[in-house]
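When reading the values below, keep in mind they use all heavy atoms of this one structure, side chains included, and skip hydrogens, waters and symmetry mates. Naming: A, B, ... by sequence-line order, numbering from 1 per chain.
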Amino acid sequence: MTHAEPHQKQRLAFVLWGPRTAGLLVLLFLGLILEVLVASGIADPSIVAAPSEMLMSLERLFTKDNLGAAFLITLAQALSATLLAMLIGLPLGWTLFRYEVLGRAYRGWLAAMFAAPLVLLYPLFLVIIGRNYGTTITMGVITGSIPVALYTCEALHKVSPTLLKVGAAFNLTAKQTFTLIQVPAAVPDAFTGIRLGLIYALVNIIGIEFLIDFGGLGRVVSTMFFRYDIPGMYAAIFFIILISLLFLTVLKKVERWLRPV
Amino acid sequence: MAQTGMNPRLRRQVLTLQVLTPVVLVILWELIARSGLLYEGVVPTILEVASAFWNEVSSPELYHHFGVTLMELFGGFTIATLIGVVTGIALGSRPFVSSVADPFLSSLATTPKIIFLPVVMLIFGIGPESKVALGALGGFFPIALSTMSGTLNVRPVLVDVGKALNLTRWQMLVKIYLPSLVGPIIRGMRLGLGVTIIAILLGEIKLSNAGLGFLAIEYYNTFHIASMYSILIIIFLTALSINAVMSYISQRFDRA
């Protein structure tokens, strides 16, 4: 072992754990300040919940208000919507790549739709499908399939010409080139689209659940608000932020794993 | 649009597709509306939607609601930009602080902003103030994240030159950081504007007494479906126009 190794390990530990520990400490400090502000009456408890009360409410939400079941309902909807978005987006992305005329005609439109406030279409689906899971999942599919298609098309366009030339040198058929070269090379970038699709689907589903007071996590926040259960409402919001953080972390890790350095 | 470098035949085919697609969609819509497959009134005919659209644009009431939404958008977006830029620079100028803040900002950025509506309503009530606050909250994260990333990527040589010249903090900000941050700030503003629009309209839909979102959901509740469709069309045209202007500005700064 060289002298430099322990020093490098320390630096690595600082880089890995330093910001995380500092982040947790900042969060604890802010929580403590809020607790004191509420306890001293400076912050109105009818507007802001004390963190201790919020954490206790979280337990109550799980035991009495079925927060666990609500999470599973939202998760099931988000996963179904993402799966359907992949079933639509992946072939659509390939089609836009494969047929130049279609790609040239519709890629710009898809990009414009990606930037459009599609979630505002939900009243339209409420009218057509009704106030049920069909509407929430449909909105998830619509918002999720666009990034999947765009990033799949982009990923196939970005496949290195050198790899394609190697395939040609080995006399691969078009099908072999697609399955052995294009698909594996496109996976990392296409996964970015799937990651975005899942996040968009999840965000939109929770948002619509809140708006129509139906389904999983979004409904819990709405119910707590209309019940004027302030600690419960903050606890539900806190739980949704935790879920977002968890999703983001896991998906980024998978994306990093798929992307060779 | 990426139509450059196309041969004339391909260009003609692309143009034909782009013209024919909306026509086919309109015909499909009309066929579904007249098919009787769906409950009556759920999908109105194109003529009914066009008539409702005309009634809306000729009514002074629309402009009142339109004005409320625009005012909320202006307020929310201005606050989001000011706080987002200041926060982004403050966090980005210290790499350790930015690495502490990044996971929190990123996870809050991907959280649906509409769930914060109860919090802002408890503080500001159900009037336009709560929509302004929600819009500001929505727009803040993309602007702060983009500014923070831009600040982290300011060329170190420029920062070193500033330090060598003993510039004050204010001079560093005005002479070194801000000129390098115009691009990231504008890109963040473009993303933030989209989120602000969505947050404000969803806030109006959930609980409000004025604004385009309120009008759309009011028509839904009273089953004036053609009018609801026409308001949605107005909302989309407005959002797409604002986004197009912002994209144009963003592209100009990217080229500069």
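- Under a cut-off of 6.0 angstrom, the local environment of CD1 in A/I47 is crowded, with over 12 non-hydrogen atoms contributed by other residues, nucleotides or ligands.
- Neither the backbone nor the side chain of B/Y219 comes within less than 4.5 Å of any heavy atom in chain A.
- Contact between A/R104 and B/Q18 at its shortest, heavy atoms only, is O-NE2, 3.9 Å.
- A distance of 5.0 Å separates CD in A/E100 from CG in B/L10, rounded to the nearest 0.5 Å.
- Between the side chain of B/Q13 and the backbone N or O of A/V101, no donor-acceptor pair lies under 3.5 Å.
- For A/I230, the part sitting under 4.5 Å from any heavy atom of chain B is the side chain, from C-beta outward, and nothing else.
- Taking chain B as the reference chain and counting heavy-atom pairs below 4.5 Å, the highest number among A/I241, A/L211, A/L248 is found for A/L211.
- The residue among A/A116, A/P123, A/G103 with the most heavy atom pairs within less than 4.5 Å of chain B is A/P123.
- In terms of heavy-atom pairs under 4.5 Å with chain B, the best-connected choice from A/L124, A/D44, A/V221 is A/L124.
- A heavy-atom distance below 4.5 Å is not found between the side chains of A/L245 and B/T111.
- Contact detail for A/G207 and B/P112: the closest heavy-atom pair is N-CB, 4.3 Å.
- For the side chain to side chain contact (heavy atoms under 4.5 Å, CB included) test with A/V119, the passing option among B/I114, B/L201, B/I198 is B/I198; the others fail.
- Listed options B/L117, B/V119, B/I217 were ranked by heavy-atom pairs under 4.5 angstrom with chain A; first place goes to B/V119.
- Chain A forms more heavy-atom pairs under 4.5 Å with one residue of B/T16, B/D102, B/V97, B/L202 than with any other, namely B/L202.
- At least one side-chain heavy atom of B/L17 sits less than 4.5 Å from a side-chain heavy atom of A/Y106.
- Within 6.0 Å of atom OH in A/Y122, more than 12 heavy atoms from other residues, nucleotides or ligands are found, so the atom counts as buried in its surroundings.
- Looking at B/I115, both its backbone and its side chain come within 4.5 Å of chain A, counting heavy atoms on both sides.
- Heavy-atom pairs under 4.5 Å with chain B peak, among A/L242, A/L126, A/I240, at A/L126.
- With contacts defined as side-chain heavy-atom distances shorter than 4.5 Å, the pair A/L118/B/F236 qualifies.
- There is no contact between A/Y200 and chain B, counting heavy-atom distances below 4.5 Å.
- Counting heavy-atom pairs closer than 4.5 Å to chain B, the top residue among A/I243, A/T249, A/D213, A/L27 is A/L27.
- Neither the backbone nor the side chain of A/F247 comes within less than 4.5 Å of any heavy atom in chain B.
- When heavy atoms are compared at a cutoff of 4.5 Å, A/I199 approaches chain B solely by way of its side chain, counted from C-beta outward.
- No other option in B/L15, B/L207, B/L122 has as many heavy-atom pairs under 4.5 Å with chain A as B/L122.
- Using a distance-only test at 3.5 Å, with no hydrogens or angles considered, a donor-acceptor pair links the side chain of B/K206 to the main chain of A/F210.
- A 6.0 Å sphere centred on CZ of B/F74 holds no more than 12 heavy atoms belonging to other residues, nucleotides or ligands.
- The part of B/V43 that comes within reach of chain A is its side chain, from C-beta onward, which places non-hydrogen atoms under 4.5 angstrom from that chain.
- Here the closest heavy-atom approach between residue B/A239 and residue A/P117 is recorded as CB-CG, 3.6 Å.
- Neither the backbone nor the side chain of B/S247 comes within contact range of chain A; no heavy atom of the residue lies under 4.5 Å from a heavy atom of that chain.
- The choice from A/L121, A/L102, A/V48 that makes the most heavy-atom pairs within less than 4.5 Å of chain B is A/L121.
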